[in-house]
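Since the model is a prediction, treat every value here as computed from it, not as a measurement. By convention in this document, chain letters (A, B, ...) are assigned in the order of the sequence lines, proteins followed by strands, and residues within each chain are numbered from 1.
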Amino acid sequence: MIDLKLLQKEFDSISAKLMRKGVNAELIENLKTKNEELRVAKINFETLQALQNSMSKEFGIYIREKRDVSELKAKVDANKINITEALEIQRFKQEELEAVAMSIPNIPDDEVPDGKDESENVEIKKVLSPREFSFSAKEHWELAEKNGWIDFERGVKLATSRFSVSFGMGAKLERALINFMLNFNSKRGFQEVSVPVIVNRAALEGTGQLPKFEDDLYKIENQELFLIPTAEVPVTNLYQDEILNEAELPIKMTAYTPCFRKEAGAAGRDTRGMIRQHQFHKVELVAITKPDDSDKVFDEMVSCASDLLLALELPHRLVTLCCGDLGFGAAKTVDIEVWLPGQNCYREISSISNTREFQARRAKIRFKEIDKNSFVHTLNGSSLAVGRTLVAIMENCQNEDGSITIPKALEPYLNY
RNA sequence: GGACGAGUGGGUGAGCGGUUGAAACCACAUCCCUGCUAAGGAUGCGUAUGGGUAACUGUACCGAGGGUUCAAAUCCCUCCUCGUCCA
């Protein structure tokens, strides 16, 4: 949720920033109007209510003094009719405003480059050079099947398309990767947490997936419960509606969860292999910080994910997302793209975002300063998508005969 | 699944339908006193939002949502959560 006060005060500059993200001007203007209308309705209601309250107090005094209340009652009754009406108007305006406000994305940071889609993202740097192959590199699905690691057909049999099953070393590698990543993150100061993978509506509204993106979520029938699309949702919402002590911050957490996405609108994209699945494993980083610290922690998170790939000896690059490619809640995002020699391109494997106050405002996560309470900043980032990491290992570490040399960093996790 | 009971401010926990936004205690903050492996005293201290340069002040909130009433933390209904007992 964006700061409506700020929008009101600095309308031109805020709306200019939102328009960089593709929000249309009408919608922003509408938001401003709705906000003003609500204010007027509130003042009207509160004035009437104040009158009512004071008359009610008088009522008490009258009764104690055994005076006649019939005249006062008539006045109070008359006012009550006005109040009921004023309240109704206020409620209506409130709902109208919320509907608009909740659908407005976060304001991008000033240094986020202009651009309409991913083609205009800006590369920051490359880490490790792609290896030279003396043979033509195969794509991961071919390698996965050849090694018996992943069975795509049986996944479909059990559920539907875009589900897969891992066997043997494939399954072990997934588990090894999860443990490797969690340990790595712990050493970097991120506390491990284990959270529910089913959450309620409030949690999803807090992090911004709802109300706008309900179509992307798996919903549990007849209940207001959803499968999480990312651990960001439960982990960030751990502190929903809390006022934290300044001394507790920053809170840095890491969690492994399966993630569930309908991938609505992704028909035809990445249909082969395990790049885009309905269910996938992911290790997530989440941080809750004071506003002044969020840039520093953001950099830590980017390094953490990048160093993880470095430890696995996987070539990758860091990319700053342009305004048009920025997610709904993000003020700034750095993607990490891993090199896939089979596909001959870089593919997203991690995405680290600073949402600044956006989620904190929605989820009401605040911290106590000496004389006031302020919203925290929340950050999240994948570290990493496990399936895609496995894909990257297969494609980068393949040998001519189709076998795969497992990165040394994972050996301690496979010796059993 | 059924029967009770409970849900109050950062925590514990009072609270007759009207001067209760809410006692008390703890924690916390500032100050005072004292000076030694302590303690004592004073004051302040919920959240959100509106108005006002400010002092200050309006409104809402006692699990959530409705209702009764001139007036609800307090009465009624529904739901949620947590206990205890029964199946």
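- Between A:K80 and the phosphate of B:A71, there is a side-chain N or O to OP1/OP2 separation shorter than 4.0 Å.
- The side chain of A:V76 sits closest to B:C70 out of B:G58, B:G50, B:C70.
- A 3.5 Å limit on both hydrogen-bonding distances identifies B:C61 as the Watson-Crick or G-U partner of B:G46.
- OP1 or OP2 of B:G51 lies within a sub-4.0 Å distance of a side-chain N or O belonging to A:R39.
- Classified by interplanar angle (parallel below 30°, tilted 30° to 60°, perpendicular above 60°), the ring pair A:F328/A:F213 is perpendicular.
- An OP1 or OP2 oxygen of B:A64 is reached within less than 4.0 angstrom by no side-chain nitrogen or oxygen of A:R201.
- As rounded to whole Å, 17 Å separates atom P of B:G10 from atom OH of A:Y239.
- Figure legend: A:K73 and A:F59 shown without cation-pi pairing, the cationic atom not lying both under 6.0 angstrom from the six-membered ring centre and within 45 degrees of its axis.
- The CG-P distance, from A:L48 to B:A71, rounds to 14 Å in whole Å.
- Inter-residue side-chain proximity for A:K34 and A:K93 is flagged as unmet; no heavy-atom pair is nearer than 4.5 Å.
- Between A:E95 atom CD and B:G65 atom P there is a gap of 13 Å when expressed in whole angstrom units.
- In terms of phosphate contacts, A:N200 brings no side-chain nitrogen or oxygen within less than 4.0 Å of OP1 or OP2 of B:C80.
- Evaluation of atom-type donor-acceptor distances gives no pair under 3.5 Å for the side chain of A:E46 against the base of B:G50.
- Shown here, B:G1 forms a base pair with B:C86; the pair counts as Watson-Crick or G-U wobble because both key distances fall under 3.5 Å.
- For B:G40, the paired base is B:C32 (Watson-Crick or G-U wobble, both distances below 3.5 Å).
- Taking the side chain of A:K5 as heavy atoms from C-beta on, and the options B:G18, B:U59, B:G50, the nearest nucleotide is B:G50.
- Within the 4.0 Å cut-off from OP1 or OP2 of B:U69, not a single side-chain nitrogen or oxygen of A:K73 is found.
- Spacing between atom CD of A:Q49 and atom P of B:A71 amounts to 9 Å, rounded to whole angstrom units.
- Pairing for B:U68 is absent, judged as Watson-Crick or G-U wobble with the two contacts each under 3.5 Å.
- Across all their heavy atoms, A:M301 and A:L285 have their closest contact at CE-O, 3.7 Å.
- Along RNA chain B, the nucleotide nearest to A:R366 and the one nearest to A:D77 differ in position, and the one closer to the 5' end is contacted by A:R366.
- Here the P atom of nucleotide B:A71 and the CG atom of A:N79 are 10 Å apart, to the nearest Å.
- Following rounding to the nearest Å, A:R361 (CZ) and B:U47 (C1') show an atom-to-atom distance of 15 Å.
- Atoms NZ (A:K9) and P (B:U49) sit 13 Å apart, rounded to a whole Å.
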